[in-house]
2 protein chains.
Amino acid sequence: MSKGGYEQFCPVAMAAEVLCTRWTIVLLRELMAGSTRFNALRRGVPRMSPALLSQRLKELEAAGVVAKSGSGNGQAGSEYRLTEAGRELIPLIQAFGFWGQRWIDAELSLSRLDVQLLMWDMRRNLDPDPLPPRRSVIRFRYDDAVAAQALWWLIVEPGVGVDLCSVDPGHDLDVEVRADVRTMTAIWMGHETVKTALADGRLSVEGDRDLCGSMQTWLGLSPFASTPKPALGTEAG
Amino acid sequence: MSKGGYEQFCPVAMAAEVLCTRWTIVLLRELMAGSTRFNALRRGVPRMSPALLSQRLKELEAAGVVAKSGSGNGQAGSEYRLTEAGRELIPLIQAFGFWGQRWIDAELSLSRLDVQLLMWDMRRNLDPDPLPPRRSVIRFRYDDAVAAQALWWLIVEPGVGVDLCSVDPGHDLDVEVRADVRTMTAIWMGHETVKTALADGRLSVEGDRDLCGSMQTWLGLSPFASTPKPALGTEAG
DNA sequence: CCGTATCCGGACGGATACTG
DNA sequence: CAGTATCCGTCCGGATACGG
């Protein structure tokens, strides 16, 4: 095949030519989640090499899915955003997520643990509404993570947003959450609940009474957490 | 990366790991279109090597998307069908098609001409209802195709189905359609109509008056032909 | 007819280091 | 911060040949 195409006029094949190259779908998910800068995208796709990221962004730009802004002469400050065509891919990416949540074995997902991605996602989806109308500081401690990734602070400033630090920001703590990475990821993905994890001691939450009690509420889950699982008794996998 | 995975627990990434390897989406489209045998699948994905097709089918089987039937000891007569999980991918594949039809430049699609795929698709989507309640034989002649792919017969037997031959089946003709591959593909994809192609002479239809007149009706178009194109004036691609 | 195995060359992708 | 350059391994495509 000359140059990676499928040589089929069928629109499915044409679209797959653009979208089904390595990392592209994951990169689009990251763009949809709101990252626009090169290094922000790298955080969301940490195992993708910068060379390939650069190449994919150019390809998506050429395909009309992404638009680059801000690079007059230098390239400082340039941002990548979805075009109209790119925004119309949102339901498609969501379809990947729903299908994956529904049909990929939870054990398989939980063999791909990554604290950094987890915390970044939690930052994005945390719901400040159940929190008190003042700054709240929540520390996560992962005893099974490497030292540099064991402690994380989520700082919620009402009306401002949510900040994530992996170094002590120096504020007083309202809550400390303690778990292993797997348990916290399982909760985040909706495979179990705060309650069940507390019950058998794999999770502990200490500090402000109200915040501890409402953790399942303010902890926003993955956008796919509520996807129904298939009924039992379907064909074997 | 060890072995092609993305190492992300995110269900989008997990699903992309299964679905976004080379040829996989196109193969799934073919399975959805109803092909079940190895060589039938090869016809629909002609540029995929048999080794890779075999490998992908095994991967999809392992992922629970496809089930193989009929291979007790030998492998003769085995068939591949979508499982429940596979059938739930149908909307996702359709989303690829709709997006491709809407956002991929028609000229780009029309640079991927393939008479064989075109005729096979036409066979699948032809609508016998507007045809008379007897056998109809329609011959397509493509003057710009290589000799072996210049002549095609569609034989419609009411109540039985539609047959496609590239050698003369020996029946009397009801209609002969004559065009270049590009024109016929453009019509099939909904980028132009029988009427416009007839008007400037790139298409000619001769034979039975009624059948000639109703060609746009009995010629079923691509499932994506009716997808609306984006309004003018959106961002550049 | 229905696949599987192998070999080879080329394109793609990963890791690392480096520059404006 | 925003990418490039380089090196090297792996995957893919094409051809061919072989077994059920």
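Quick note: numbers below take in every heavy atom, side chains included, and nothing from hydrogens, waters or symmetry partners. Just so it is clear: chains get the letters A, B, ... in the order the sequence lines come, proteins before strands, and each one is counted from 1.
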Participant: Classify the ring geometry between A/Tyr6 and B/Trp23 as parallel (under 30°), tilted (30 to 60°) or perpendicular (over 60°).
Facilitator: tilted

Participant: Taking A/Glu59 for the side chain and A/Thr24 for the main chain, is one N or O donor matched with an acceptor at less than 3.5 Å?
Facilitator: no

Participant: Given C/dC1, is OP1 or OP2 found less than 4.0 Å from the side-chain N or O atoms of B/Arg37?
Facilitator: no

Participant: Do the side-chain N or O atoms of B/Ser78 get closer than 4.0 angstrom to the phosphate oxygens (OP1, OP2) of C/dG3?
Facilitator: yes

Participant: Counting only side-chain nitrogens and oxygens, does B/Arg22 get under 4.0 Å of the OP1 or OP2 atom of C/dA11?
Facilitator: no

Participant: Ignoring backbone atoms, test whether A/Asn39 places a side-chain nitrogen or oxygen under 4.0 Å from the OP1 or OP2 oxygen of D/dC1.
Facilitator: yes

Participant: D/dG13, OP1 or OP2 - any side-chain N/O from B/Trp23 closer than 4.0 Å?
Facilitator: yes

Participant: Going by the angle between their ring planes, with limits at 30° and 60°, are A/Phe224 and A/Phe98 parallel, tilted or perpendicular?
Facilitator: perpendicular

Participant: Just N and O in the side chain of B/Lys68: are any of them under 4.0 Å from OP1 or OP2 of C/dC2?
Facilitator: no

Participant: Under 6.0 Å from the ring centre and within 45 degrees of the ring axis: does the NZ or CZ of A/Arg123 meet both conditions for the six-membered ring of A/Trp120?
Facilitator: yes

Participant: In whole angstroms, how far is the C1' atom of C/dA11 from the CD atom of A/Gln55?
Facilitator: 11 Å

Participant: Between B/Tyr80 and C/dG3, is there a contact of a side-chain N or O with OP1 or OP2 at under 4.0 Å?
Facilitator: yes

Participant: Whole Å only: how far is the NZ atom of A/Lys58 from the P atom of D/dG3?
Facilitator: 8 Å

Participant: OP1 or OP2 of D/dC1 sitting under 4.0 Å from any side-chain N/O of A/Arg42?
Facilitator: no

Participant: Considering heavy-atom distances to DNA chain C, does B/Glu79 or A/Glu59 have its closest nucleotide positioned more toward the 5' end?
Facilitator: B/Glu79

Participant: Hey, does the side chain of A/Ser54 come within less than 4.0 Å of D/dA5's phosphate (OP1/OP2), counting only N and O?
Facilitator: no

Participant: Can you tell me how far P of C/dA5 sits from CZ of B/Phe38, to the nearest Å?
Facilitator: 11 Å

